[in-house]
Amino acid sequence: MQAAPADQQRLLDLQALDSKLDQLAHRRRTLPQLAEHAALETRAGQLRDLLVASTTAQSDLAREQRKAEADVDQVRSRAERDRKLLDSGSVGAKELSNLQSELESLAKRQSDLEDIVLEVMERVEAADARTAELTKQRDEAEADLARVTTTLAEERAAVDKDLAFAKSQRDLLAAQLPADLLALYEKLRAQYGGIGAAAIKQRRCEGCRLELDIAEVNEIRAAAPDTVLRHDSCRRILVRTAESGL
């Protein structure tokens, strides 16, 4: 393949722009805020789920407390009725004994139920405290998530701006190159890790970093200026420059 030396030099400029575009794309994929954003999203989601579970537990405990208190009230009412009958003096000896026995049983039952109420109240208090703490943690996580989301959007916008500018430069430069030279470069760039053309610097290929042997140097020296050279080792396009050392 033949191409004017100036076009071959432009190929190096195109390679530099493509490498920059690759670096910017990599930077966009690996912004440090991405990992932080993902972690905060996970954290906020977990806290929201825990908060739902905690408020559900609160609701269940509130119902349990109401039932326990209702049971206590029921026992108190029954005991109050029995005491009124006892104090009325209108009951016989056998019924009197039964009332006294029932009052003793009701007193024990009331004590047991009041213990249950106290135990449930302690659990309610613990659940309230957990819900309050989870609410605080969720609010903090969501505030952090909002902050990182804003920062991430700003960083992406900055990278996208650089990408758009580099892409416009690349398009302008690519339009100046011969179609066959550009097609070869694009093919090689796809095959060899994003590098399709490399300068010769001090008898070294800047693409694979291998030093040219004497046979390659002699072949390059003998080649016409418009000959498009290929490196035998890495197969990339070799471009002669003032620093080639040939």
L229 reachable from L246 in the ILVMFWY side-chain graph, under 4.5 Å edges: yes
side-chain hydrogen bond (donor to acceptor under 3.5 Å, both in side chains) between T131 and T55, worked out: CA-CA 7 Å; T131 296; T55 54; over 6 Å; no
Heavy-atom neighbours of E119 CD exceed 12 at 6.0 Å: yes
Worked check of side-chain contact (heavy atoms from CB on, under 4.5 Å) between D71 and I116: CA-CA 10 Å; D71 290 343; I116 291 173; over 6 Å; no
Under 3.5 Å: donor-acceptor pair, side chain of E114, backbone of V72: no
S233 to L210 - nearest heavy-atom pair and separation: CB-CD1, 3.8 Å
Flag, side chain of E216 to backbone of D213, donor-acceptor distance under 3.5 Å: yes
Minimal non-hydrogen separation, V75 against L113, with atom names: CG2-CD1, 3.5 Å
From M1 atom CE to D226 atom CG, the distance as rounded to the nearest 0.5 Å: 12.0 Å
Heavy-atom pair with the smallest gap, counting every atom of S54 and R130: OG-CG, 3.9 Å
Lys/Arg-Asp/Glu bridge criterion (N-O < 4.0 Å) met for R109, D112: no
Atom CD of E186: over 12 foreign heavy atoms under 6.0 Å: yes
4.5 Å side-chain heavy-atom contact, K201 and T241: no
Test item: S111 side-chain N/O and A107 main-chain N/O as donor-acceptor pair under 3.5 Å: no
Any side-chain donor near an acceptor of the partner, R81 and S77, under 3.5 Å: no
Distance in Å, L212 CG paired with R204 CZ, rounded so as to fall on 0.5 Å steps: 9.0 Å
Salt bridge flag under 4.0 Å for residues D7 and R10: yes
Approximate separation, where rounding is to 0.5 Å, of E154 CD and Q33 CD: 9.5 Å
Closest non-hydrogen atom pair, A141 against L40: O-CD2, 4.4 Å
Any donor-acceptor pair under 3.5 Å from R203 side chain to G245 backbone: yes
Short N-O contact, D73 and R76, less than 4.0 angstrom: yes
K108/E104 under side-chain contact (heavy atoms from CB on, under 4.5 Å): CA gap, chis, key distance, verdict: CA-CA 6 Å; K108 184 178 185 310; E104 289 176 1; over 6 Å; no
Results of side-chain hydrogen bond (donor to acceptor under 3.5 Å, both in side chains) for E41 - residues two or more places apart only: none
ILVMFWY cluster, L181 and Y192 together (side-chain gap under 4.5 Å): yes
In one Ile/Leu/Val/Met/Phe/Trp/Tyr side-chain cluster, 4.5 Å: L145, L50: no
For R83, side chain to side chain contact (heavy atoms under 4.5 Å, CB included) partners two or more places apart: A79, E80, L103
Heavy atoms of other groups near E219 CD, more than 12 under 6.0 Å: no
Gap between atom CG of L238 and atom SG of C208 - 0.5 Å precision: 8.0 Å
Main-chain N/O of Q202 paired with E243 side-chain donor or acceptor, under 3.5 Å: no
Test item: R170 and K20 side chains (from C-beta on) under 4.5 Å apart, heavy atoms: no
Side chain Q9, main chain R240, donor-acceptor under 3.5 Å: yes
Side-chain heavy atoms of C234 within contact of C205, under 4.5 Å: yes
Gap separating the CG atom of L173 from the CG atom of L17, nearest 0.5 angstrom: 6.0 Å
Residue pair Q23 / H26, side-chain heavy-atom distance below 4.5 Å: no
Reported OG-to-CG distance for the pair S168 and L163, which is rounded to 0.5 angstrom: 11.0 Å
Flag side-chain contact, heavy atom, 4.5 Å: L12 against E206: no
In one Ile/Leu/Val/Met/Phe/Trp/Tyr side-chain cluster, 4.5 Å: V228, I220: no
Under 3.5 Å: donor-acceptor pair, side chain of Q15, backbone of G196: yes
Residues L177, Y185; criterion side-chain contact (heavy atoms from CB on, under 4.5 Å); working and verdict: CA-CA 10 Å; L177 293 172; Y185 163 77; over 6 Å; no
R189 side chain reached by I195 side chain, heavy atoms, under 4.5 Å: no
Flag, side chain of R235 to backbone of L188, donor-acceptor distance under 3.5 Å: no
Where A44 and E142 come nearest, the two heavy atoms and their spacing: CB-CG, 4.2 Å
Close side-chain approach of T30 to L34, heavy-atom, < 4.5 Å: no
Cluster check L14, I237: I/L/V/M/F/W/Y, side chain < 4.5 angstrom: yes
Stepwise side-chain contact (heavy atoms from CB on, under 4.5 Å) check, E36 with R147: CA-CA 11 Å; E36 187 179 5; R147 172 183 54 79; 3.8 Å; yes
Candidate list Q58, Q65, E64, test side chain to side chain donor-acceptor pair (under 3.5 Å), partner R123, passing option: E64
Heavy-atom check, side chain of L47 versus side chain of L51, under 4.5 Å: no
